[in-house]
Amino acid sequence: MPKYRKLMPPGEGGKIRYSKDGSVRTPDDPVVPFIEGDGTGPDIWRAARRVFDAAVEKAYGGKRRVVWFEVYAGEKANSVYGEEVWLPDDTIKAIRDYGIAIKGPLTTPVGGGFRSINVTLRQVLDLYACVRPVRWFEGVPSPVKDPAGLDVVIFRENTEDVYAGIEWPAGSKEAKLVIEFLNRVLKAEGKAVRAGSAVGVKPMSRRCTERLVRRAIRYAIERKRPSVTLVHKGNIMKYTEGAFREWGYALAAKEFGDLVVTEEDVSAKFGGKVPPGKILLSDRIADNMFQQILLRPREYSVIATPNLNGDYLSDACAAQVGGLGMAPGANIGDRAAVFEATHGTAPKYAGQDKVNPGSLLLSGAMMFEHIGWTEAADLIVAGISAAIRNKTVTYDLERQMEGAKLVKCSEFGEAVVAGMGAK
Ligand code: NAP
């Protein structure tokens, strides 16, 4: 008989609420569901929770606190709910109900047509924006000359594009049918799909583009960031990626009016300078963007892009500032947000109190920013900066830094707490 434990809410604490205009209302004692994660997940979660509580205590001196609420997914859900239960309904209900969650990495079981837990969470909760801030921390080894020049926040569309997963294998009945339909019925002029090809579909809609671009522009306005760049491949895919660009500009003009200026406005009306208080909206073709971000990183701040471009660009940017180990991420919708470490479970190090908790810590900082607790977020970032500057780091950074002191995962957490408030 599988074990089954009904998830019980914590019986204390309040709920985060979302308004229609996208703003978040947070009680002083919000319930935040958390998923420890598999492999090294429990190690990094232990270190991170200690840092989160310390940051809130230091920022608000007991006036505010987080009521942590454990929910289950991955291997731990198997042991709590029974075999083959990877993502219990209870967990989804809890995240929906409390509107927020933070999670460690989860194993994706191989085979059996199993859908990734992360992908399922994004879809069932309609978490349409994948948000990835990428910045350099002084002292982290980087492959480029000016790593401090890169400080971007990437908004990647999370629900459509080729990730919609509509494709058929070469030679299948379905692929043959689609090819026949394309070649015989639609008859695109001068174009034909080769018989025996595999076929995939790339759906992109106005609605999903608009909500993503809206969120990116709102973010730039709220955080006083200077620009938003739409990254697309519209020169080749005119009606999908090209439309992303057009819909993006149209949305900005309609909803943000005077707050946003385009590159054309700047040269035609403002003598080549962005007027103070305005946000520059521009667009770049994806291949150009990959070289721009390397050569002129300081010209970019907030980036909004379709799913596949965003996938490539986020990892390329993270590598530029010293790797994926420290990159945080969030998946955000209109009614819920899930903050997560972006690396995997690193199972060979599980239980060794060894790996870097930086990605989860920075995801926590994003979470505190999201709920308006910016003082706690700033303390976490300051603590991490101080620990790295002092060269008190986990093995992954220690092996690349000269004269660094090697510490365990939990000790790194303590170094972050000690460094909070440092200049
Ligand atoms: P991985 O777990 O990210 O590990 C690959 C390597 O990255 C590790 O061996 C380690 O490098 C380094 N690494 C990862 N996390 C680190 C940390 N916190 N601190 C320092 N170094 C870290 O990738 P994987 O081995 O391909 O995937 C393992 C499992 O994770 C799979 O089941 C996969 O499906 C899952 N996964 C989950 C997520 C998620 O839940 N968001 C994301 C990706 C993968 P060294 O060996 O060089 O020390």
Side-chain angles (χ1 to χ4, degrees), residues 33-49 51 71-78 86-87 91 95 101-123 125 127 130-132 137 139-141 143 156 158 163 310-312 314-315 318-319 321-332 337-367 384 387-388 392-401 404 406-413 415-416:
F34 69 92
I35 296 166
E36 262 187 359
D38 299 326
T40 49
D43 295 319
I44 58 173
W45 172 252
R46 251 190 317 277
R49 179 171 171 166
V51 171
V71 299
Y72 303 94
E75 285 161 5
K76 200 161 180 186
N78 272 206
W86 295 95
L87 181 60
T91 298
I95 300 175
I102 184 161
K103 62 176 274 295
L106 294 168
T107 307
T108 296
V110 178
F114 189 90
R115 181 154 233 178
S116 143
I117 298 167
N118 295 315
V119 173
T120 309
L121 270 177
R122 283 168 213 163
Q123 289 182 341
L125 297 166
L127 307 176
C130 173
V131 185
R132 289 273 211 105
F137 282 90
V140 174
R156 164 185 168 194
N158 226 357
Y163 287 77
D311 194 0
Y312 300 151
S314 311
D315 283 11
V321 292
L324 286 166
M326 299 274 294
N331 294 290
I332 303 182
V338 176
F339 298 82
E340 64 181 0
T342 55
H343 54 73
T345 59
K348 66 183 175 187
Y349 299 128
Q352 295 180 24
D353 192 19
K354 177 180 172 100
V355 298
N356 187 345
S359 175
L360 189 60
L361 288 175
L362 289 169
S363 303
M366 286 178 80
M367 180 182 81
I384 294 174
I388 296 176
T392 308
V393 289
T394 46
Y395 82 98
D396 52 316
L397 294 180
E398 188 266 346
R399 66 188 171 189
Q400 306 175 65
M401 285 163 81
L406 173 66
V407 293
K408 294 179 175 182
C409 173
S410 54
E411 292 168 339
F412 182 76
V416 172

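Note that ligands are numbered from 1 as they come in the structure, with each ligand's atoms numbered from 1 the same way. A quick note: this is a predicted structure, and the numbers were derived from the prediction, not measured. Residue numbers count from 1 along this sequence.
- Heavy-atom contacts from other residues, nucleotides or ligands closer than 6.0 Å to OH of Tyr312 number 12 or fewer.
- Between Lys103 and Phe339, the closest side-chain pair of non-hydrogen atoms is not below 4.5 Å.
- Counting protein heavy atoms under 4.0 angstrom from atom 27 (O) of ligand 1 gives zero.
- Ligand 1 has a nitrogen or oxygen under 3.5 angstrom from a nitrogen or oxygen of Arg399.
- Residues Glu398 and Thr394 fail the side-chain proximity criterion, which asks for heavy atoms closer than 4.5 Å.
- Nearest non-hydrogen protein atom to atom 45 (P) of ligand 1 is Tyr349 OH, 3.6 Å.
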Next on the checklist: Would Asp43 and Gln352 count as a side-chain hydrogen bond (donor to acceptor under 3.5 Å, both in side chains) here? Give the steps.
Outcome noted: CA-CA 8 Å; Asp43 295 319; Gln352 295 180 24; over 6 Å; no
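- The minimum heavy-atom distance between Ala330 and Met366, with the atom names listed, is CB-CE, 3.6 Å.
- Ranking the protein heavy atoms by distance from atom 30 (O) of ligand 1 puts Thr345 N, 3.0 Å first.
- Of all protein heavy atoms, the one lying nearest to atom 19 (N) of ligand 1 is Asn356 N, 3.0 Å.
- Protein non-hydrogen atoms do not reach within 4.0 Å of atom 24 (P) of ligand 1.
- Summary of contacts: the protein heavy atom closest to atom 32 (O) of ligand 1 is Thr108 N, 3.4 Å.
- Closest of all the heavy-atom pairs between Met326 and Phe137 is CE-CD1, 4.3 Å.
- Using a 4.0 Å cut-off between heavy atoms, Asn118 contacts ligand 1 through its side chain alone, with no backbone atom that close.
- The residue from His343, Met326, Lys348, Glu75 that puts a heavy atom closest to atom 16 (C) of ligand 1 is His343.
- Looking at Thr394, Leu106, Leu360, Val355, it is Leu106 that brings a heavy atom closest to atom 35 (C) of ligand 1.
- Of the candidates Ala341, Ala346, Ser116, the one placing a heavy atom closest to atom 4 (O) of ligand 1 is Ala346.
- When distances from atom 6 (C) of ligand 1 to the protein are checked, no heavy atom turns up under 4.0 Å.
- Using a 3.5 Å distance cut-off with no hydrogens or angles, the side chains of Asp311 and Tyr163 do pair a donor with an acceptor.
- The distance from ligand 1 to the heavy atoms of Lys103 drops below 4.0 Å at these ligand atoms: 40 (O).
- Protein heavy atom in closest approach to atom 22 (C) of ligand 1: Tyr395 OH, 3.9 Å.
- In the candidate list Gly344, Gly104, Gly37, Gly344 is nearest to atom 43 (C) of ligand 1, counting heavy atoms.
- Side-chain contact between Asn158 and Ile332: absent, with no pair of heavy atoms (C-beta onward) separated by less than 4.5 Å.
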Checklist entry - What's the verdict on side-chain hydrogen bond (donor to acceptor under 3.5 Å, both in side chains) for Thr345 and Asp38, showing C-alpha distance, side-chain angles and the deciding distance? => result CA-CA 6 Å; Thr345 59; Asp38 299 326; over 6 Å; no
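- Only the side chain of Asp396 comes within contact range of ligand 1, with a heavy atom under 4.0 Å; no backbone atom does.
- Between Thr342 and ligand 1, no pair of N/O atoms sits closer than 3.5 Å.
- Counting heavy atoms from C-beta on, the side chains of Trp86 and Asn78 come closer than 4.5 Å.
- A salt bridge links Glu340 with Arg122; the closest basic N to acidic carboxylate O contact falls under 4.0 Å.
- Using a 4.0 angstrom heavy-atom cutoff, Lys354 does not count as in contact with ligand 1.
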